[in-house]
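Read the numbers this way: they start at 1 and go in the same order the structure lists the ligands and their atoms.
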Amino acid sequence: MLNRRQILAAMGTTALASLAPSTTFAAATIKPDDASALLVIDVQNCFLPGGSLAVKEGEQVVPVINKMAKAFSNVVMTQDWHTPGHVSFASAHSGKKPFETIDLPYGKQVLWPDHCVQGTDGASLSKDLSIPQAELIIRKGFHKDVDSYSAFLEADGKTTTGLAAYLKSRKVKRVFVAGLATDFCVAWTALDARKAGFEVYVVEDACRGIDNQGSLAKAWADMAKAGVKRIQSADIAVSA
Ligand code: VGL
Ligand code: ZN
């Protein structure tokens with residue numbers, strides 16, 4: 001009788017592979033095509049160490065994004081781009097402190113330290129980003145009385161940035177979202193991308209969150225419910 005080793009040897013490596021648990025082959029199975037776009041959200045100095053609204057470990061997303069971007073022919077970046085005295089700044093509301101919430105005509109607004117003021121160094125994209133093929137930079141949050149976490153729609157829920165129309169006219173069907181912060185601009189962008197009809201992937205290790213009062217867990221739950229796929233950068237095939 002053949003023993004187990006002899007049977008396995010006879011099967012050869014291809015058949016052997018089919019016996020292994022599928023998780024062994026989960027790595028690098030997603031291959032972005034010309035109908036895919038990487039959206040790099042708000043990798044700006046204000047959200048990086050030393051910035052006025054620094055996201056914990058925010059700098060760690062940069063090498064992950066640089067590597068992953070090599071797999072994409074379409075890359076769009078965003079820049080949070082506020083007026084001085086923007087409505088989302090606590091400093092614009094007397095007696096209010098950062099991370100408190102207020103009611104505005106379009107709904108609840110978390111108040112932030114002043115950040116990403118137009119034309120300032122804090123609003124610049126990180127100098128460590130290396131994505132020369134990036135084709136479009138969308139600026140958002142530039143209306144003084146309306147915030148815009150999402151790269152698609154301002155916080156009034158109706159004013160568009162033009163991004164959905166741009167992507168559709170370029171025949172993009174699926175978007176991969178990375179950057180800062182997971183629970184605000186990344187999540188709102190992912191949710192609006194779903195509403196606009198795109199297939200959406202959020203690359204978890206290419207994002208970091210702020211996590212203000214449970215906002216990170218809530219964001220992942222909202223995204224899961226909306227059909228956003230949560231993946232890791234290692235799931236994306238990048239040729240060397
Ligand atoms: C962001 C808070 C305020 C973000 C922007 O990029 O997630 N968060 N403005
Ligand atoms: Zn902002």
Enumerate the atoms of ligand 1 whose separation from the nearest heavy atom of [X] is less than 4.0 angstrom.
X	answer
Leu180	4 (C), 6 (O), 7 (O)
Cys185	1 (C), 4 (C), 5 (C), 6 (O), 7 (O)
Asp42	4 (C), 6 (O)
Asp80	5 (C), 9 (N)

- Task: Please determine if Asp34 and Lys171 form a salt bridge, counting it only when a charged side-chain N lies under 4.0 Å from a carboxylate O.
- Result: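 Judged by the 4.0 Å cut-off on N to carboxylate O distance, Asp34 and Lys171 do not form a salt bridge.
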
- Query: Checking side-chain hydrogen bond (donor to acceptor under 3.5 Å, both in side chains) against His115, which of Gln44, His82, His86 comes through?
  - Reply: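 That would be His82; it is the only one of Gln44, His82, His86 passing the side-chain hydrogen bond (donor to acceptor under 3.5 Å, both in side chains) with His115.
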
- Message: Below 3.5 Å, N or O to N or O, backbone or side chain included: is there any such pair between Lys140 and ligand 1?
- Response: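 Among all N and O atoms of Lys140, none is under 3.5 Å from an N or O of ligand 1.
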
- Message: Is there a polar contact between ligand 1 and Phe47, counting only N or O atoms under 3.5 Å apart?
- Response: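 For ligand 1, there is no N or O atom that lies under 3.5 Å from one belonging to Phe47.
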
- Hey, any chance Leu191 and Ile138 share a hydrophobic cluster, counting ILVMFWY side chains that come within less than 4.5 Å of each other, even indirectly?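 Yes, it is one cluster - the side chains of Leu191 and Ile138 are joined through contacts under 4.5 Å.
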
- Item | Val75 and its side chain to side chain contact (heavy atoms under 4.5 Å, CB included) partner, picked from Leu39, Ile65, Val40 |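 Only one option passes, and that is Val40.
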
- Query: How many protein atoms of type N/O/S are positioned less than 2.8 Å from the Zn ion (ligand 2)?
  - Reply: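 Those protein atoms number 3 in total.
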
- Task: Note the single closest protein heavy atom to atom 2 (C) of ligand 1, along with its residue, its atom name and the distance in Å.
- Result: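 Residue, atom and distance for the closest contact: Trp112 CE2, 3.4 Å.
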
- Neighbour count above 12 (heavy atom, 6.0 Å) for Lys70 NZ: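 No, because the 6.0 Å sphere around NZ of Lys70 holds 12 heavy atoms or fewer from other groups.
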
- Under 30°, 30 to 60°, or over 60°: which ring-plane class applies to Phe176 and Phe72, parallel, tilted or perpendicular?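 Plane angle over 60°, so perpendicular.
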
